[in-house]
Amino acid sequence: MPEGIGEDPLILVSNRGPLEHTRGDDGRTAKPGHGGLVTALGGLAGHLEDAVWVCAALSEEDVAVTREHDGAAFEPEGGGPGVLLRMVELDPEAQHKFYAIISNPLLWFVQHYLWDLGNTPDITRREVDAFDNGYVPVNARFADAVAEEVEARGGRATVMVQDYHLYLVPERVRDRCPDVFLHHFVHIPWPHPDAWRVLPPVMRRAVFNGVLGNDVVAFHSARYARNFLLGCQELLGLQVDMDRLTVEVEERSVHARHYPISVDADALESTAASPAVADHERRLGEKRREHLIVRVDRADPSKNILRGFRAFDTLLDDHPELAEQVTFLALVQPSREDVEEYVDYLEQVRRLVDDVNAKHGTADWQPIELSLEGDFDEVVAAYKLFDVLVVNPVSDGMNLVAKEAALVNQRDGVLALSENAGAHEELGEFAVTLHPFDIQQQADAIFAALTMDGSERRDRLAASAALVRENDVAKWLSDQLRDVNELRGPGH
Ligand code: F6P
C-alpha cells in the first residue's frame, strides 16, 4: 500500500476519469473508466483521506451528473474510487478540437514518431484553430477547476496531473496558486527534441512552458526523461543538468524523474483464476493448434499491428512446415473512433488479415484470428495460453500487456518485445527483442521464440514474472510519493 502524501491534500487531474456514467433501461450506472492510467491511479486514490479527482465529463450521463452537482466536487454513489470527483463539463466543439485534432492525432503522433513527414501532417488553419480554440481553453478550464479545489483547501496541495492532454495546466495553476506542489506524469514517450519541430514554434513553446510549471515531470523510462531535458535545452535554451536530471526555470529547479508503471499483480492473478476466464480458456483450448501466437492491443498506429502481421506472413512463407500448426490470435480493441487516422488504421488491419488468411489459409485453418470484442476475460485467457506474445510497437510509453501477460502465462510463453516499448528497459533481457520496422527480423525472432528450448523458455518467463510481481503498481506509486515528500521538503 503506498505511503501517504504528508499533510497536504491531493488533487489528481486527468482527461479520462475513474468513473464513466451511462444510462440504460435500469437507470444510471457508473462503471470504472478504462485504461491503464485510471487503473493504476485508482490504487492511490483509495488510500487517501482528502483527495479529489478532476476529470472531464465524457459521456452524456457524466454531463447530467456534473450538472446535478453544479460542477462542484461530489462523492460518487456507492463510494466509487474512494475520492471526491469533480467532473468538468466542456463545450462540445472545444472538446472535439482538444481531443480529436490536437491530443489525438497531433500530439500523440509527434510523441510516437508516427507522422510520415514527407506527406503529413499539414498544419493548417484547422490545426491552429483547434489549438487556440480547443486545446488552450480546455486546459484553462481544467486549470481553473484545479485552482478552485486548491483554494478551497487553503492554497496548499499536491497536484498530480496526468498525460499529454493537459500540458498547459501546470503553468496556469502555478500562476494562481504559488504554494502548490505540481507533479505531472507523462504516460507516453517523450521524443527527441527534433520530433517537436513538427509543431510550429508557438505551439511547442506553449507545451514546454506549460509542463515547466511543474516541480516534477515524470516518465516511464530514463530515455524519455533525458529527451525531455534535451528538449528544454535545445528548444528553449534552458540550462539542464543531465546527472541530477534537472532544468532551471527562472528561480526554480524542475526535476525529471522516471518510474516504470506496472500492474496490480494480486488483482490480475485473481482474475486469471476466475470461472469466466476458465470458460474462455476452454474455448481457446478446443481450437488451438500446435502453437499459439497472441497480441493484445488498442487499434492504434503506434502499436504496429500491420507490420506484425506482415512479419507473420513472412514467417509462413519461410516455414511452410508451420502451415496449419500455428494460429495468430489478435485481440484488438477499437480505439478513438472519432479520429480519422484511427478509423483508417483499423480498416487497413482488417484488410491485411483477410489478405494473409486468403494467401495461407486452408479449408479448416485461418492463420490469423482477429477479435474486436475487447473482453478482458478473453484477454486474460489468451495471456495464460500463448506460446509467443507479440508486442512490436513503433513506440510505446510502457506497454502493460507485456507485464500482464508475463505474470499469468502458464505455457512458458516467450515475450517478443519491441526495443521501443518502455517495458523493454525492464523485460528486454528476458524477451526476444523485435526491431519494429524490420519485418524479416520480426519473422525470424518469432520463429526463434516458437522453437526455443523448453528450459530457456521456463527460465525467461519465471524471471519476467518475478520482476513484474516485485515492481508492481504499488511500488510505482510509493516511489513517486517518496520523491514528492522529499522534494517538497519541510514547510512546503
Ligand atoms: O497511454 C496513454 C493513455 O492515456 C492510456 O492511459 C489509455 O489507456 C490510452 O492512452 C487510451 O486513451 P483514451 O481512450 O483516453 O484516448
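Note that ligands are numbered from 1 as they come in the structure, with each ligand's atoms numbered from 1 the same way. Bear in mind the structure is a predicted one, so any value in this text is a computation, not a measurement.
- Distances between N or O atoms of R16 and those of ligand 1 include at least one value under 3.5 Å.
- Scanning all protein heavy atoms for the shortest distance to atom 9 (C) of ligand 1 gives R336 NH2, 3.7 Å.
- The part of D163 lying near ligand 1 is the side chain, judged by heavy-atom distances below 4.0 Å.
- When each of N485, L487, V159, D8 is tested with F181 by the rule side-chain contact (heavy atoms from CB on, under 4.5 Å), just one qualifies, namely L487.
- An N or O contact shorter than 3.5 Å links Y99 to ligand 1 by distance.
- Annotation: W108 places no N or O atom under 3.5 Å from an N or O atom of ligand 1; distance criterion only.
- Taking the ring axis of W196 as reference, the NZ or CZ atom of R205 does not stay both within 45° of it and closer than 6.0 Å to the ring centre.
- Here the protein heavy atom with the shortest distance to atom 8 (O) of ligand 1 is G35 CA, 3.2 Å.
- A salt bridge does not link D215 to R488: none of the charged side-chain nitrogens sits closer than 4.0 Å to a carboxylate oxygen.
- For the ligand labelled ligand 1, residue R298 lies inside the 4.0 Å heavy-atom shell.
- For ligand 1 and L37, the ligand atoms under 4.0 Å from any heavy atom of the residue are 6 (O).
- A search for side-chain hydrogen bond (donor to acceptor under 3.5 Å, both in side chains) contacts involving R23 returns E61, not counting sequence neighbours.
- When each of H187, H183, R16 is paired with Q162, the side chain to side chain donor-acceptor pair (under 3.5 Å) condition holds for H187 and for no other.
- In this structure, the side chain to side chain contact (heavy atoms under 4.5 Å, CB included) partners of E93, at least two apart in sequence or on a different chain, are D91, K97.
- In this structure, E341 CD and Y345 OH are separated by 13.0 Å, a value rounded to the nearest 0.5 Å.
- Distance remark: protein heavy atom not present below 4.0 angstrom from atom 5 (C) of ligand 1.
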